[in-house]
Each structure stands twice: as structure tokens, then as C-alpha cells.
Number of protein chains: 2
Amino acid sequence: MRNYSKQREVIVEVLRSTDTHPTVQWVYEKCREKLPKISLGTVYRNLTELKKDGDVLELSVGDGFQHYDGDVKEHMHFYCHNCGTILDCEMPKNNLKDFLQNKLNCEVNLSGYVFSGLCSSCINLNG
Amino acid sequence: MRNYSKQREVIVEVLRSTDTHPTVQWVYEKCREKLPKISLGTVYRNLTELKKDGDVLELSVGDGFQHYDGDVKEHMHFYCHNCGTILDCEMPKNNLKDFLQNKLNCEVNLSGYVFSGLCSSCINLNG
DNA sequence: GTAAAAAGTAGTAACGATTACTATTTTGAG
DNA sequence: CTCAAAATAGTAATCGTTACTACTTTTTAC
């Protein structure tokens, strides 16, 4: 990975250090704890470069924000449309809906593009 | 379906008459062919209402636009990140990746949220 | 080492899809 | 018909993202 600027290093570090699939704004704020003068544009530009190079993954869940994932091995995500949590999910090998239902303990709604529904804690809150 | 305004009727008609998963702008322009004075805000508001009522589906593919689908039976979509085409796809019953590969004749990339990759015509163009 | 070229950055302005707002029109119950 | 509630057209505002500019850092060539 070509990584010669301190800013890019920090951005990658921040992404690698979480499994929360953060927004650009969150990454920016975390970076500023280490580099108080880093600019938002730099975060955007580097994330775009890193995505292009295959070093990070960009996720669109439909909440109006792009999300980023420092884990680039092939896997899926589940988005809870109630609390906004994004969960990692291994590739299913068999019936997808049953798989997700058992694996994540979620009410999966496969309509549309995105795996989304209610995560287990939101089910408990609403039930 | 509660549908008493002419505008909402036309919006639904437009969505039902295509399988292209259009953007709001496209719906707006189609509606203006029938109702030249319809406003963009009306299209947005009605699409939001229709979505809330379960009469249309909203799709986020990550291209910066919301897309809408008048077909609300449970099904999936495949998004070609080269040409932007959105294809319908029945619920797979078995191994998902193999299924999509065979069914759509696409190079599927399941990383991230969205089924996306190259559609068959884009594979031919690039190969 | 040094100088010029190339790439990256901070800060700010601009963009554009979406949402909010307002005055006006349409709808529907009594 | 009448009047309140709901919808609309048109426009302004919002805000995540992108573009731009002057400046700094890194790389390359000598």
C-alpha cells in the first residue's frame, strides 16, 4: 500500500481500529484527535483513493451517508433500519434468509438492495 | 391505496409502467409529460408517502441517487457499477453467489451491502 | 545537496440531491 | 354551499460531498 503521507496513515489506522463501519465525519473526528489540523477534504480524498486501491470498502445503506470498512475480505453486512447499527456477516452458504435469521437473530427483509431489518436488540425494544 | 390526487395517481402509473428502477428526476420528467405543472417537491413527497405505505420500494445503490421500484413483491436487485443498470432478481434458494452468477450471468461482487458487479453486456465490452 | 516537478494538504467555495417552507388550490364531510 | 383539512406549485434552505486554490511536502534529476 502506498501510504507516504502521515494523514493517510492515520486514516487507515482509524479505520482498522474499529468495526463500526463509520461515516466520513466520524473518521474525520477520530483523525483530528491525532492530527488536529487534518482537513475534511483530505479525509474524503484519501478514502476515495483507498477505495480505488481496494484498501477500504465503501458501504451505502441508504441513510444519506457513505460508510467505510477497513476490513476488505469478502463479507456482507446487515443494517438495522431502527438503530442504524451495521453488522458484519459471513458469506452464507445455503438459504440466505434462513441463514441470516439464524446467524444474526434479526428479522431480515430482503426487499431491495440491502440486507436490512431489525437487529436483535431493536426487536426486544419493540416487542 | 388512498390515491385521491391526480398527481399521486400519475406518479404510481409512471412507476408501474417501467422496470428500470428510476430516480426521482426521471419520475418527475415522465410525470410532466402527463401533468406539465407537477412540481418536483410533490414527486418527492408522494414517493415518501408511497414508500411509507408500502406501495413502492426505495433502493440505495450508492450512485448518489435514490431509486424507486413500483414492484413491491419481495425480490432482490443487481446493480452494474459500470453501466448503472439495475436488474431484478428472484430470491435465491441456495448458494447465493453461484446463483447470481448463473442467473444473471454477471461477475458478482458481494463485498459490502449491495449485490453489484458487472452485468453481462459490460463484461463483453471490457473483455 | 539542490532545484524543479509532482503529489499531497488545509481551508474555503461551490454543487446538487433532498427537505422545508409558504401561499394557494383542491378535497370531502356536514 | 361552507369550512377545515390535506395537497400542490414554486421557491428557499440544508447538508453531505466535490472542486478549487494557495501552500507544503515528497520525489526525481542532476
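By convention in this document, chain letters (A, B, ...) are assigned in the order of the sequence lines, proteins followed by strands, and residues within each chain are numbered from 1.
- B:Lys51 places its NZ atom 12 Å from the C1' atom of C:dT18, with the value rounded to the nearest Å.
- Among the atoms of the strands shown, only primed sugar atoms or phosphate atoms (P, OP1, OP2) are found under 4.0 Å from some heavy atom of A:Gly64.
- Remark: B:Thr42 is in phosphate contact with D:dA9, judged by side-chain N or O atoms under 4.0 Å from OP1 or OP2.
- For A:Gln66, the side-chain atoms get nearest to D:dT17 when compared with the rest of D:dT17, D:dT8, C:dG11.
- A 4.5 Å side-chain heavy-atom check between B:Lys37 and B:Arg32 finds every atom pair outside the cut-off.
- To the nearest angstrom, C1' of D:dT17 lies 12 Å from CG of A:Leu47.
- Remark: B:Lys37 is in phosphate contact with D:dG10, judged by side-chain N or O atoms under 4.0 Å from OP1 or OP2.
- Of the candidates D:dG10, D:dT17, C:dT9, the closest approach to any side-chain atom of A:Asn46 belongs to C:dT9.
- Contact between B:Ile38 and B:Tyr28 at its shortest, heavy atoms only, is O-CE1, 3.4 Å.
- B:Leu59 has its side chain out of reach of B:Gln66: every pair of non-hydrogen atoms, C-beta onward, lies at least 4.5 Å apart.
- Atom pair B:Lys6:NZ and D:dA9:P shows a separation of 13 Å (rounding to whole Å applied).
- Phosphate contact (OP1/OP2 of C:dT9, side-chain N/O of A:Ser5, threshold under 4.0 Å): present.
- Between A:Arg45 and the phosphate of C:dT9, there is a side-chain N or O to OP1/OP2 separation shorter than 4.0 Å.
- In terms of position along DNA chain C, the nucleotide closest to A:Ile38 lies nearer the 5' end than the nucleotide closest to the other residue of the pair B:Thr48 and A:Ile38.
- Spacing between atom CG of B:Asp63 and atom C1' of C:dT18 amounts to 14 Å, rounded to whole angstrom units.
- The separation between B:Glu29 atom CD and C:dA17 atom C1' is 14 Å, rounded to whole Å.
- Distance CD1 (A:Ile11) to C1' (C:dA10): 13 Å, rounded to an integer number of Å.
- One can place CD of B:Glu9 at 11 Å from P of C:dT27, the figure rounded to the nearest angstrom.
- B:Gln25 has no side-chain polar atom (N or O) that falls below the 4.0 Å cut-off from OP1 or OP2 of C:dG16.
- The CZ atom of A:Arg32 sits 16 Å away from the P atom of C:dT9 (whole-angstrom rounding).
- Listed pair A:Tyr44 / D:dT18 fails the phosphate criterion, with no side-chain N or O lying under 4.0 Å from OP1 or OP2.
- In the hydrophobic clustering of ILVMFWY residues, with side-chain heavy atoms under 4.5 Å counting as a link, B:Trp26 and B:Val43 come out together.
- B:Ile11 has its side chain within reach of B:Val27: a pair of non-hydrogen atoms, C-beta onward, lies under 4.5 Å apart.
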